[in-house]
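Small disclaimer: the values here were computed from a predicted structure and weren't measured.
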Amino acid sequence: SGGKELTVTYSHGKTLKIDVPAGAPVVRFVPASQTVLASGGKSFVIADQASGGQLEAATVAVGKDGLMPPM
(Lines give C-alpha, C1' and ligand atoms only; values in the text may rest on other atoms or scores of the structure.)
Protein backbone atom coordinates (compact mmCIF):
# COMPACT_ATOMS: atom_id res chain seq x y z
CA SER A 1 0.00 0.00 0.00
CA GLY A 2 1.50 3.32 -1.06
CA GLY A 3 4.56 1.69 -2.62
CA LYS A 4 5.70 1.38 -6.19
CA GLU A 5 6.12 -1.55 -8.54
CA LEU A 6 9.33 -1.95 -10.52
CA THR A 7 9.59 -4.16 -13.58
CA VAL A 8 13.02 -5.63 -14.26
CA THR A 9 13.63 -6.94 -17.78
CA TYR A 10 16.53 -9.33 -18.28
CA SER A 11 18.59 -9.58 -21.48
CA HIS A 12 16.92 -12.88 -22.43
CA GLY A 13 13.49 -11.19 -22.34
CA LYS A 14 12.18 -12.49 -19.00
CA THR A 15 10.61 -9.85 -16.74
CA LEU A 16 10.12 -9.74 -13.00
CA LYS A 17 7.82 -7.39 -11.08
CA ILE A 18 9.08 -6.22 -7.68
CA ASP A 19 6.98 -4.41 -5.07
CA VAL A 20 8.91 -1.57 -3.42
CA PRO A 21 7.38 -0.39 -0.14
CA ALA A 22 6.75 3.30 0.46
CA GLY A 23 9.77 4.96 2.07
CA ALA A 24 12.27 2.42 0.70
CA PRO A 25 15.40 4.20 -0.53
CA VAL A 26 15.91 3.88 -4.26
CA VAL A 27 19.35 5.00 -5.39
CA ARG A 28 21.34 5.14 -8.56
CA PHE A 29 25.05 4.71 -9.00
CA VAL A 30 26.93 7.41 -10.89
CA PRO A 31 30.65 7.86 -11.55
CA ALA A 32 32.42 10.22 -9.13
CA SER A 33 35.90 11.47 -8.45
CA GLN A 34 38.01 10.50 -5.45
CA THR A 35 37.09 13.84 -3.84
CA VAL A 36 33.83 12.30 -2.54
CA LEU A 37 35.88 10.05 -0.22
CA ALA A 38 36.13 11.54 3.28
CA SER A 39 37.48 10.33 6.59
CA GLY A 40 34.63 8.81 8.60
CA GLY A 41 32.34 8.66 5.58
CA LYS A 42 30.23 5.58 4.85
CA SER A 43 31.32 3.34 2.00
CA PHE A 44 30.89 -0.15 0.58
CA VAL A 45 33.84 -1.77 -1.19
CA ILE A 46 33.92 -4.82 -3.46
CA ALA A 47 37.48 -6.12 -3.56
CA ASP A 48 39.50 -8.99 -4.99
CA GLN A 49 42.58 -10.51 -3.42
CA ALA A 50 45.55 -9.55 -5.55
CA SER A 51 48.88 -11.32 -5.73
CA GLY A 52 50.78 -10.95 -2.49
CA GLY A 53 47.57 -11.17 -0.47
CA GLN A 54 46.63 -7.51 -0.75
CA LEU A 55 43.06 -6.47 -1.49
CA GLU A 56 42.38 -4.51 -4.67
CA ALA A 57 39.14 -2.53 -4.89
CA ALA A 58 37.03 -3.28 -7.94
CA THR A 59 34.09 -1.06 -6.93
CA VAL A 60 33.64 1.59 -4.24
CA ALA A 61 30.18 2.95 -3.37
CA VAL A 62 30.23 6.14 -1.28
CA GLY A 63 27.41 7.97 0.44
CA LYS A 64 26.84 11.60 -0.52
CA ASP A 65 24.70 14.45 0.83
CA GLY A 66 23.69 12.44 3.92
CA LEU A 67 22.87 9.22 2.06
CA MET A 68 24.65 5.98 2.81
CA PRO A 69 25.34 3.11 0.43
CA PRO A 70 22.31 0.79 0.59
CA MET A 71 24.25 -2.43 1.11
Show me, pair by pair, the donor-acceptor contacts under 3.5 angstrom made by side chains of residues 29-48, not counting sequence neighbours?
| residue | atom | partner | partner atom | Å |
| --- | --- | --- | --- | --- |
| Ser33 | OG | Thr35 | N | 3.4 |
| Ser33 | OG | Thr35 | OG1 | 2.6 |

Considering non-hydrogen atoms only, spot the tightest contact between Ala24 and Val20 and give its length. CB-CG1, 3.7 Å

As an exercise, state the distance from CD of Gln49 to CG of Leu55, rounded to the nearest 0.5 Å. 6.0 Å

Is there side-chain contact between Ile18 and Val8, with at least one heavy-atom pair below 4.5 Å? yes

